[in-house]
There are 2 protein chains.
Amino acid sequence: MATETTRPVLRVDIKRPQRADARRNFDALLSAAREAFAEKGVDASLEDIARRAGVGIGTLYRNFPTRQDLLSAVYFGEIEELCLAAEEAADLPPWEALTTWLRRFVAYVATKRAIWESLNRESDSFQEAREAMYAAGTPLFERVQAAGEARADMSIDDLLRMVSGLTGCNFVDEEQRDRVLQIALDGVRAR
Amino acid sequence: MATETTRPVLRVDIKRPQRADARRNFDALLSAAREAFAEKGVDASLEDIARRAGVGIGTLYRNFPTRQDLLSAVYFGEIEELCLAAEEAADLPPWEALTTWLRRFVAYVATKRAIWESLNRESDSFQEAREAMYAAGTPLFERVQAAGEARADMSIDDLLRMVSGLTGCNFVDEEQRDRVLQIALDGVRAR
DNA sequence: ACTATAACGGAGGCACCCCTCCGGTATCAA
DNA sequence: TTGATACCGGAGGGGTGCCTCCGTTATAGT
């Protein structure tokens, strides 16, 4: 389903370089950045990223003139995947579809701190990512509400902030995180 | 009630200096630090704090040899107040007592980022603060559970992490924060 | 008033980060 | 093979923060 999607697109036009050596560096930088951002959040040191990639700092700046460019290149793809996951879940019954997607959402957020931060920072370029996530989640949530299985006095914004808040803080272990999340979602259910 | 409490004490023994000028600086540092920590979180720059206090960096280090010493001096007092609030709420009916205290808890956490961080960091000296908070909240929560008004399969640790998670992330406004918190607490209620 | 000394404050060494600039190098088309 | 050039890397200047050290100053007891 939806192979030729017209979903609001997250366009990043940082072009992969032409020359072979340049392409190698470009890719190394991307994966080093993915690693560093996941580990230290969006404030990870750019010099550290260049080091991890085994590349000079100059090369980093040539490919990604600003920190935002690098962040975008790394994360917009992943958020895109999240949006796709929402479409895939659409076949399930309303409540399962929603929780399935949220589970996926949580899995992402837990490891990729930047996604979480993108929900919590006031930044233009993150705005776009946030909107894409909301657009993806809204149909799922509205379906649940239409089925009378979730309280009507709640928005997707409420829901995602709730889930991301619970995901963004430390728990003793995964088991506790799931349990607490489950409890909070119980509050979302219509009674 | 409990004027001569034997509650686990948060002891900080950084002694206020003897000489008049030293005492002035000590106090100025404390309030500058309170301000800076609230504003920028526990990572606020020590040099900035000294500047705000109108004092040399050396003076800061003389009074508070480590960042932890300063943090402790600032926050343990406030956490102590939080614990007192729990005792005061004890007169109310179980569920109200708990939510009254949690409301207080939220009010603190929202403005004092360090308290929130103290729940989310792995640090020895915060451990102590965390334990004090837990000790204060446990009676309230257990009372609610005993009254059958909260689900039994949840601990005070679960509850506080849930609340602090929801408090620690941004909401559009206070109203949304309260609404979402209310929804999550609905999930805590026994059905 | 005078002095012993507690307390001051900021210069300075070290570390890290950001970003620019440019001499050197690897690539690729001819 | 070779030359034009796209691309490299890191030195270096500017900024901030941490913490120590020590010459200078204010205080308090006599």
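Chain letters run A, B, ... following the sequence lines, proteins first, then strands; residues in each count from 1. Predicted model, so just to flag it, every value in this text is computed and none were measured.
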Checklist entry - Quick one: is T59(A) getting a side-chain N or O under 4.0 Å of the dG9(D) phosphate, OP1 or OP2? => result yes
Checklist entry - Does N25(A) make a side-chain N or O approach to OP1 or OP2 of dC7(D) shorter than 4.0 Å? => result no
In terms of side-chain heavy atoms of [X], which of [options] is nearest?
X: R19(B); options: dC18(D), dA6(C), dC8(D); answer: dA6(C)
X: D21(A); options: dC8(D), dA6(D), dG10(C); answer: dC8(D)
X: N63(A); options: dG9(C), dC19(D), dC8(D); answer: dC8(D)
X: S45(A); options: dG17(D), dA11(C), dC18(C); answer: dC18(C)
X: A20(B); options: dC7(D), dC18(C), dA28(D); answer: dA28(D)
X: Y61(A); options: dT20(C), dA11(C), dA7(C); answer: dT20(C)

Checklist entry - Looking at dC28(C), does its base get a donor-acceptor pair with the side chain of Q18(A) below 3.5 Å? => result no
Next on the checklist: Regarding dC16(C), can its base be found pairing with the side chain of E47(A) as donor and acceptor, where the two atoms are less than 3.5 Å apart?
Outcome noted: no
Checklist entry - Is it true that D157(A) and R161(A) make a salt bridge, defined as a side-chain N closer than 4.0 Å to a carboxylate O? => result yes
Checklist entry - Salt bridge check: are D178(A) and R103(A) linked by an N-O gap of less than 4.0 Å? => result no
Hey, does [X] reach any base, or is it just sugar-phosphate, or nothing, if we go heavy atoms under 4.0 Å?
X: R67(A); value: sugar-phosphate
X: R24(B); value: sugar-phosphate
X: R23(B); value: nothing
X: D48(A); value: nothing

Checklist entry - In Å and rounded to the nearest 0.5 Å, what is the CE to CD distance from M133(B) to E80(B)? => result 12.0 Å
Checklist entry - For residues Q182(A) and R179(A), is any side-chain donor paired with an opposing acceptor at under 3.5 Å? => result no
Next on the checklist: Quick check on DNA chain D: between T66(B) and V55(A), whose nearest nucleotide comes earlier from the 5' end?
Outcome noted: V55(A)
